[in-house]
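Since this is a predicted model, take the numbers as computed values, not measurements. We count ligands from 1, going down the list as the structure has it; atoms in each ligand are counted the same way. All values below come from the heavy atoms of this structure, side chains included, with hydrogens, waters and symmetry mates left out. Start at 1 with the first residue, then count along the sequence.
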Amino acid sequence: MSASLDDLPLRDDLRGKTPYGAPQAPLPVALNVNENTHPVPEEVADDILDGIAQALQDINRYPDREFTALREGFADYLGHGLQPDQIWAANGSNEVLQHILQAFGGPGRTAFGFGPTYSMYPLLTGATGAQYVSGTRGPDFSLSAADAAAQVAEVQPDVVFLCAPNNPTGTPMGLDVIEAVYEVSRGIVIVDEAYWEFAPREESSALTLLQGRERLVVSRTMSKAFAFAGARVGYLAADPALIDALRLVRLPYHLSALTQAAATAALRHAPTMLSMVDDIVSQRDRISATLSALGYTPYESWSNFVLFGGVDDPKATWQGLYDRGILIRDVGLPHTLRVTAGSAEESTAFLEALASL
Ligand SMILES: *Cc1c(COP(=O)(O)O)cnc(C)c1O
């Protein structure tokens, strides 16, 4: 016999909450959590293994607490004249976001996001004891600069999440929205660019806004475009003072020597690691076009997934696909489902199964 949560002296503010829990089912076609479904290219895998083997020789010692080589790698990759002292990294961008909330959120403070948006924002916020406030978007999930600024000015949150492009909707966010929100806020403004590499090439990242804005943070991850979700590596760029604040809350040596070695080696091969991005983008656009032809209403996406409306019974459709070996995501938005763009074969399997339902 085992105890239940109610038997434990759990924090009152955590009672009744449910953990993050996208289903993990061993189905042949898994298009539910926006992973890159392509494996790491073999020549890169060999170099990563060499890096890990070298790190193992010193594994009896604590790793470089400041992950210097990895920071240099991220600064190089991001460009825009960024220096290593403007870079932070952690075990997934979820931990990067947690560090920001630990330093700038916490009890008595407020974090804010424009819903529907990434489901981890409220969970991470609540876990630090801060309160999460959800703002709103237009009917097509877009957000104008004036509307966004008005909502933030009203709430005056300590931390604002701007997911660009937005998960789970794929919606792009204009730089004018980010500038306007920064202008009216006094808190930290986080632009979560987890899917940036899938956006149109000619568009400008929020990295171009960092200069002179010491409360602005741009977070990225290796989990999506880099096909590195299992390694757990996320990072951000911001003013060096903000990086100093994050040092106050991180655990000592939070990035293991093995993680640092693997990510540093992978970054040396960034163009190869990102070689599947164009293919994924073309599958995304093909999925959207085919969904339209099937009578569904896909939303504009700058990411590696498509949210589509016009689904009469999302639970039934999700189950029908599941029974055909295809896992997608019901994100809880009425009459919609979300699918990740996989390989050509996976995307075809999804589209054919959906058409057959
Ligand atoms: C996937 C995702 C992340 C990245 O999570 P990791 O912890 O880096 O794997 C961050 N933000 C959004 C919006 C995401 O969808």
Tell me the contacting part of Met120 for ligand 1: side chain, backbone, both, or neither, using a 4.0 Å heavy-atom threshold, strictly below. neither
Can a salt bridge be assigned to the pair Arg284 and Asp279 using a cut-off of 4.0 Å between side-chain N and carboxylate O? no
Centroid-to-centroid, Tyr77 to Phe226, below 6.0 Å? yes
Atom 15 (O) of ligand 1: the protein heavy-atom neighbour that sits closest, reported with distance to 0.1 Å: Tyr195 OH, 2.6 Å
Check: residues 144-155 side-chain donor-acceptor pairs under 3.5 Å, at least two apart:
from: Ser144; atom 1: OG; to: Asp147; atom 2: N; distance (Å): 3.1
from: Asp147; atom 1: OD1; to: Gln151; atom 2: NE2; distance (Å): 3.0
from: Asp147; atom 1: OD2; to: Gln151; atom 2: NE2; distance (Å): 3.4
from: Gln151; atom 1: OE1; to: Thr136; atom 2: N; distance (Å): 2.8
from: Gln151; atom 1: NE2; to: Thr136; atom 2: O; distance (Å): 3.0
from: Gln151; atom 1: NE2; to: Thr136; atom 2: OG1; distance (Å): 3.4

Close side-chain approach of Leu242 and Gln86, heavy atoms under 4.5 Å: no
What protein heavy atom is closest to atom 12 (C) of ligand 1, reported as residue, atom name and distance in Å? Asp192 OD2, 3.4 Å
Suppose we measure from atom 14 (C) of ligand 1 to each protein heavy atom; which comes out shortest, and what is that distance? Lys224 NZ, 3.1 Å
Quick check: closest heavy atoms across Ala344 and Arg286, and the distance to 0.1 Å? O-NH1, 3.5 Å
Please write down residue, atom name and distance for the protein heavy atom closest to atom 9 (O) of ligand 1. Ser223 OG, 2.6 Å
Contact (N/O only, under 3.5 Å) between Asn91 and ligand 1: no
Residue pairs fulfilling side chain to side chain donor-acceptor pair (under 3.5 Å) with at least one residue in residues 168-178, sequence neighbours excluded: Asn166-Thr169, Thr169-Thr171
Protein heavy atom at shortest distance from atom 10 (C) of ligand 1: Ser93 OG, 3.2 Å
For ligand 1, which atoms have a heavy atom of Cys163 less than 4.0 angstrom away? 13 (C)
Hey, can you tell me if His254 and Trp88 have their rings parallel, tilted or perpendicular (30° and 60° cut-offs)? parallel
Quick one: which ligand 1 atoms are inside 4.0 Å of a heavy atom on Ala194? 2 (C), 3 (C), 10 (C), 11 (N), 12 (C), 14 (C)
Just distances here: any N/O of Tyr121 and N/O of ligand 1 closer than 3.5 Å? no
Electrostatic pair Arg71:Asp85 at N-O distance under 4.0 angstrom: no
Can you tell me if Arg232 contacts ligand 1 (heavy atom of the residue under 4.0 Å from the ligand)? yes
